[in-house]
Amino acid sequence: MLAGRRLVGVKRLFAEICDRRVAFPVGATCLGVRRRAKKVILDFSDGSSLLISLGMTGQVRERERGPLPPHTHLVLSFEGREVIYVDPRRLGRLAASGAATTMWAARGDVNAWCDRQFGPDALDVPWEEFRRRLGASRGCIKTLLLNQKVLAGIGNIYADEALFRAGVHPRTPARDVPLEKLKKLYQALRGILRQSINASGTTLRDYVTSAGAPGDFARRLKVYGREGAACPRCGTPVRRLRWPAGRSSFYCPRCQRER
DNA sequence: AAGATTACCTGAAGGC
DNA sequence: TGCCTTCAGGTAATCT
């Protein structure tokens, strides 16, 4: 728990993690930690907020005894507790993600930036809005699911799993997905995200919870990462689809027919 | 202007 | 043994 603790010091070990001009609110008290889309946000008593983008391998966790772990980029010292930011692949960022040229220190600016950047959270978007946001586009359904401006919070694993459960091929143009399948997709997505949260997420290689424990959802995955394995529904070998820039989608060619 | 593509990043894993 | 290549995928920038 960080809420109620005063930030007393900051140590930066990796310069590119955030802009040098980032003014950490040393002396202010942490009011709480929240999530917006896939970002972690710390709110402080001086009206500022710190926005953390974890990228692929970023972790915010409590500092344990002994030397700092490798790839520790930041140490936030609170009264009675130290929190570290660890990120081997360094895709994560502090402040506004990206080029780290701007710091959104004021809470209102952080929230406004998020409002511009993210669509409704996939966990609580109403069906009508889901349908409106996905049903009109010519773009591939999979690409749209991953677009945080359309829906916030969905990554590659859960997109593939939801498409499998709904029986939709990842390359289907979104506007061509039949309404009943779109509804299935909506329900599958919410169910999967909810189940995964209950199982503390999905650990393939790197992911751990803030307590350092691996997530337990990996064994419930039906297609993701299972190229060549039998589809749990029909037995057909699961296929991998390659997108540009090395992205993959896993799907069952029989349960998820193209067009 | 929407949609498509690419750069960023490094440890793990596999081929030879 | 060790060097080389490939892969992972969230995000923003760049291209068409």
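This structure is a prediction, so every number in the text was calculated from the model and none was measured. Atom set for the values below is all heavy atoms of this structure, side chains included, hydrogens, waters and symmetry mates excluded.
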Counting side-chain heavy atoms from C-beta on, which of C:dT11, C:dA12, C:dG10 comes nearest to A:N156?
C:dG10

Considering residues at least two apart in sequence or located in another chain, which fulfil the side chain to side chain donor-acceptor pair (under 3.5 Å) criterion with A:T29?
none

Does anything in residues 244-252 of chain A reach DNA chain C, meaning a heavy atom under 4.0 Å, and if so which residues?
A:G246, A:R247, A:S248

Electrostatic pair A:E129:A:R132 at N-O distance under 4.0 angstrom:
yes

A:D115/A:R36 ion pair, N-O < 4.0 Å
yes

Would the base of B:dA2 count as contacting A:R138 through its side chain, where contact means a donor and an acceptor less than 3.5 Å apart?
no

Kindly compute the distance separating SG (A:C114) from CD (A:Q148), expressed to the nearest 0.5 Å.
11.5 Å

In terms of hydrophobic clusters joined by side-chain contacts under 4.5 Å, are A:L50 and A:V86 together?
no

Indicate the ring-plane relationship of A:F118 and A:W113, choosing parallel, tilted or perpendicular according to the 30° and 60° boundaries.
perpendicular

To the nearest 10 degrees, what angle separates the axes at the start and end of the helix from B:dA2-C:dT16 to B:dC16-C:dG2, five pairs each?
50°

Verify the distance criterion only: is there a donor paired with an acceptor across the side chains of A:S49 and A:R107 at less than 3.5 Å?
yes

Spacing of CG belonging to A:L123 relative to CD1 belonging to A:I192, to within rounding of 0.5 Å:
11.5 Å

Out of C:dA12, B:dG3, C:dA8, whichever nucleotide has its closest atom nearest the side chain of A:S137:
B:dG3

